[in-house]
Amino acid sequence: MAAAVTKQVQGLRAPRTPQALLVGAALGWLVFCTWMFHGVLEVQLRVGSTTGVSDVPPSERRCTSWLLQGWCQRRVAQYRAQAVRQGMQHAWAGYKAFAWGADEIHPKSKTAKTDIMGGAGIKGMGVSMVDALSTLKVMGLHEQFQEGRDWVVQKLDFEQHSTISFFETVIRILGGLLAAHDLSGDPALAVKAQDLADRLLPAFDSAPTGLISNTVSLPRVKRDHGTGTIILAEMGTNVLEFASVARITEDPKYREKAEKGLRAVHAANKNALLFESVDRRSGVESGYTGGVGAGTDSYYEYLIKYWVLGGRSDEHFRARWEQATDEALAQLMVYPPGWPFSYVADSQGGTLDPTLEHLRCFYPGSIALGVMSGGVSGDKAARYLEFAGNMTQACFQLYNATGSGLGAERITFDLDSGEIFVTDSRYWQRPEVIESIFYMWRATHDQKWRDMGWQMWRAIGRYARQEGGYSGSHNADQVPPPSDDVSQSWFFAETLKYFYLLFSPDNALSLTDWVLNTEAHPLRAARPSGSVRQRLKSGQAV
C-alpha cells in the first residue's frame with residue numbers, strides 16, 4: 001500500500017508558482033504584441049510612402065515609440081536596403097540590355113559607352129561589368145553575378161595594345177577581380193587577377209625608389225626612365241591590391257614592390273601631410289597644393305586601410321596615418337560661422353581654400369574607420385570621431401544645398417556670413433559622401449546617418465533614374481536637373497554598395513574581415529593576432 005501511495009505522489013505535477021504564471025503571461029503578451037506590432041508596422045509602412053518612385057518599397061516611417069523604436073528602425077532599414085537592391089537590379093538590367101560588355105552606359109539614350117570619364121585611361125575592358133561584380137555578390141544577386149563572371153572569364157582579355165592609367169586599372173579592374181574572387185572563391189577570377197598584376201608589375205622597376213609612372217601600356221608595362229613627378233594619389237593607391245595578389249598567389253613580390261615606393265616617400269619626408277606630387281627618383285614632395293582632396297586623397301586612405309588589411313600588425317603605416325591626421329587637423333581646419341560643423345580644406349600656397357569638393361569627403365569616413373579599427377584610443381579617438389562626424393555633416397551639405405537634392409561637385413562657405421554657395425553644380429554620382437555616412441553609421445549606430453542617406457537616395461530615385469539605369473546631371477541645383485546621360489562605373493562599384501551597406505546589418509560585410517579599396521571593392525583582411533585582439537578588446541591603440 002505504501003508503494004502505491006509513493007507512486008501516486010511521484011506522478012503528480014508540482015503546482016504552478018505565482019512567479020511561473022507571471023513569466024508565462026509576460027511571454028504570451030510579448031508574442032501577442034510582436035504579432036500585432038508587425039502587422040501594424042507593415043500597414044503603416046505600406047500606406048505611408050511618399051517616395052514618388054513606384055518600385056521603391058515604402059520606407060518613410062519615423063520610429064518614435066521608445067518601447068519598440070529599435071525594432072521599428074531595423075524593419076524600416078530592411079525596406080530601405082531592399083529599395084537600393086532594386087535600384088542595382090534596375091541599373092544592371094539596363095546595362096545588360098543596352099551596353100553589355102561596354103565600359104559604361106548612356107542610360108537615357110540607352111546606348112553603349114566605350115570609355116570612362118572621357119577616356120581617363122581604360123578602354124575596352126568592360127569596366128562597369130568588373131566594377132559591378134562585388135556589389136552584385138554583396139547584395140546576394142547571384143544570378144547576375146554569374147552572368148558578369150562568365151563574361152569576365154570568357155571575354156576580358158588584357159592582350160591588347162593600349163595606353164592605360166595604372167591608377168584606374170588597379171583600383172577598378174584589378175581590385176574588382178580580386179574582390180570578386182575573395183567574395184566567391186572562384187579560382188578563375190584569381191587567375192585573371194594574377195594575369196593583370198603580372199602585366200602591370202614592371203611599372204615598379206623603373207625608378208630606384210619604386211615609384212611608378214601612371215601612364216603605362218598594355219599588353220605588358222615596359223620600364224621607363226624613372227624620372228619626373230607623379231601625383232600622390234596615383235603613386236600611393238595600389239598596395240591593397242598588390243598585397244591581395246601576394247596573398248592569393250602566396251608570392252610576396254607583389255606586396256614588396258608596391259610597398260617599396262610608399263616607404264621611400266615616407267623616408268624622404270619627415271612631415272606626413274604632403275603636397276600633391278612627389279619626385280620619382282628621390283621621393284621628395286613637390287607642388288603647391290596640400291591637403292587630402294583630389295590628387296592626394298586615396299594616398300591617405302590607404303595608409304590606414306593597409307594597416308587593417310595586414311591584420312593591424314605593421315606599426316609603420318598606422319603611425320604614418322596618425323601623424324598625417326594630426327597634421328591635417330592642426331593645419332587645415334575650417335569653421336563656417338553659424339554652422340555646427342567643421343571640415344578640412346586644401347591649402348593653396350599656404351592659404352586655406354574654403355571650397356568643399358565631393359572627392360575630399362572620403363576623409364571623415366577613413367578617420368572613422370581608423371578609430372573603429374583601434375588605430376588610436378582614448379581622448380584622441382574621441383576627438384578624431386568628433387571631427388569625422390562634423391566633417392561628414394559638412395559634406396552632406398553638397399546634397400542638402402542643391403535644389404534637386406542631388407550632390408554638387410563643389411560648394412563653398414562664406415567665412416564671414418556662413419552662407420553656402422554651389423560653385424560647381426554637376427552631379428557625377430560620386431560615392432564619397434555616402435561612403436563617410438556609412439562609416440559614421442558603423443562607428444556610432446546613430447539613426448541620423450541613415451536618415452541622411454535615405455534623403456540622398458530618394459533624390460537619386462526621383463531625379464537620376466532613367467529607363468536604362470541612373471545618370472548624373474549637368475546641374476543638380478536646377479529642378480528638374482538635366483541628365484548628363486552617363487552612368488559612371490563607380491556608381492555600380494561604390495555608390496550603390498555604400499547605400500546598401502548603410503541600411504544593412506553590420507554582418508552584411510564585416511569591417512573586421514574585409515577592407516574596401518578606394519573603388520569600394522572588398523578585399524579579405526588578415527585576422528589580427530591574439531595579442532592585437534586583446535589590446536583592441538581593452539580599448540588600447542595597437
Side-chain angles (χ1 to χ4, degrees), residues 45-46 49-60 76-100 104-108 110 127-129 131-145 147-148 399 404-407 427-435 437-438 441 449-473 476 480-481 483-505 508-509 516 519-522:
L45 286 172
R46 291 184 183 282
S49 173
T50 58
T51 61
V53 182
S54 60
D55 65 339
V56 175
S59 41
E60 301 303 316
V76 170
Q78 290 175 4
Y79 277 108
R80 293 177 174 181
Q82 181 63 17
V84 179
R85 188 174 186 267
Q86 289 180 345
M88 179 65 181
Q89 290 173 303
H90 172 69
W92 181 259
Y95 177 75
K96 181 180 178 181
F98 307 116
W100 189 244
E104 289 178 344
I105 181 174
H106 296 291
K108 186 176 182 180
K110 296 179 288 188
V127 182
S128 290
M129 183 87 72
D131 257 347
L133 288 179
S134 64
T135 303
L136 292 169
K137 196 66 175 176
V138 166
M139 291 184 178
L141 297 172
H142 302 301
E143 180 180 342
Q144 293 91 332
F145 174 84
E147 293 171 344
Y399 292 75
S404 69
L406 297 175
Y427 168 62
W428 274 358
Q429 303 181 297
R430 290 202 188 274
E432 290 80 14
V433 176
I434 193 61
E435 173 183 356
I437 287 174
F438 159 69
W441 161 254
W449 302 116
R450 279 181 162 174
D451 291 342
M452 285 182 188
W454 184 244
Q455 179 178 323
M456 293 161 59
W457 178 255
R458 288 179 64 191
I460 291 170
R462 183 174 185 181
Y463 291 120
R465 186 180 172 105
Q466 309 292 336
E467 187 174 345
Y470 294 84
S471 75
S473 173
S483 170
D484 66 5
D485 199 17
V486 175
S487 185
Q488 305 289 345
S489 83
W490 63 62
F491 185 75
F492 286 100
E494 302 182 72
T495 310
L496 285 162
K497 187 183 288 104
Y498 283 124
F499 272 112
Y500 179 76
L501 290 175
L502 172 64
F503 301 121
S504 298
L509 193 78
L516 294 150
E519 193 79 0
H521 290 307

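Residue indices begin at 1 and follow the sequence shown.
- Between A508 and L501, the shortest heavy-atom contact is CB-CD2, 4.1 Å.
- Salt-bridge formation is detected for the pair R80/D451: a Lys NZ or Arg NE/NH1/NH2 atom is positioned less than 4.0 Å from an Asp or Glu carboxylate oxygen.
- T135 is not listed as a side-chain neighbour of Y500, based on a closest heavy-atom distance of 4.5 Å or more.
- Here the closest heavy-atom approach between residue V138 and residue P522 is recorded as CG2-CG, 4.3 Å.
- Put simply, the side chain of S489 reaches to within 4.5 Å of the side chain of E519, judged on heavy atoms.
- Nearest heavy atoms, I434 versus G453: CD1-CA, 3.9 Å.
- The aromatic rings of W454 and F503 sit perpendicular, their planes meeting at an angle over 60°, well past the 30° parallel limit.
- Contact annotation: the side chain of H142 approaches that of K137 to within less than 4.5 Å [non-hydrogen atoms, C-beta and beyond].
- H90 contributes atom NE2, which lies 10.5 Å from atom CG of L496 (distance to the nearest 0.5 angstrom).
- If you take CD on Q144 and CG on L133, they are separated by 11.5 Å, rounding to the nearest 0.5 Å.
- Between A476 and P481 the shortest heavy-atom distance is CA-CB, 4.3 Å.
- Closest of all the heavy-atom pairs between G148 and M129 is CA-SD, 3.6 Å.
- The closest side-chain heavy-atom distance from T495 to R430 is not below 4.5 Å.
- Put simply, the side chain of R450 gets close to the backbone of L502: a donor and an acceptor are under 3.5 Å apart.
- A distance of 10.0 Å separates CZ in R85 from OG in S504, rounded to the nearest 0.5 Å.
- Under the 3.5 Å distance criterion, with hydrogens and angles disregarded, a donor-acceptor pair is assigned to the side chains of S483 and S471.
- Remark: E467 does not engage K108 in a salt bridge, criterion side-chain N to carboxylate O under 4.0 Å.
- Counting only distance, with no hydrogens or angles, the side chain of D131 and the backbone of A493 share no donor-acceptor pair below 3.5 Å.
- Looking only at side-chain heavy atoms (C-beta outward), E104 and V127 stay at 4.5 Å or farther from each other.
- Among all heavy-atom pairs drawn from A520 and L516, the shortest one is O-CD2, 3.2 Å.
- In this pair, Y427 and Y399 present their aromatic rings perpendicular. The plane angle is above 60°, beyond the 30 to 60° band.
- Taking the side-chain hydrogen bond (donor to acceptor under 3.5 Å, both in side chains) definition, one finds that Q89 meets it with nothing, sequence neighbours left out.
- The one candidate from F492, F438, W490, F491 that meets the ring pair (Phe, Tyr, Trp, His ring centres under 6.0 Å) condition with Y498 is F438.
- With contacts defined as side-chain heavy-atom distances shorter than 4.5 Å, the pair V84/M139 qualifies.
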query = Passes ring pair (Phe, Tyr, Trp, His ring centres under 6.0 Å), W92 versus W100? Steps please.
reply = CA-CA 9 Å; W92 181 259; W100 189 244; 5.5 Å; yes
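- Looking at K497 and E494, their side chains never come closer than 4.5 Å, going by heavy atoms from C-beta outward.
- For the pair H106 (side chain) and V486 (backbone), a donor-acceptor distance under 3.5 Å is absent.
- A side-chain donor-acceptor contact under 3.5 Å links Q429 to the backbone of Y470.
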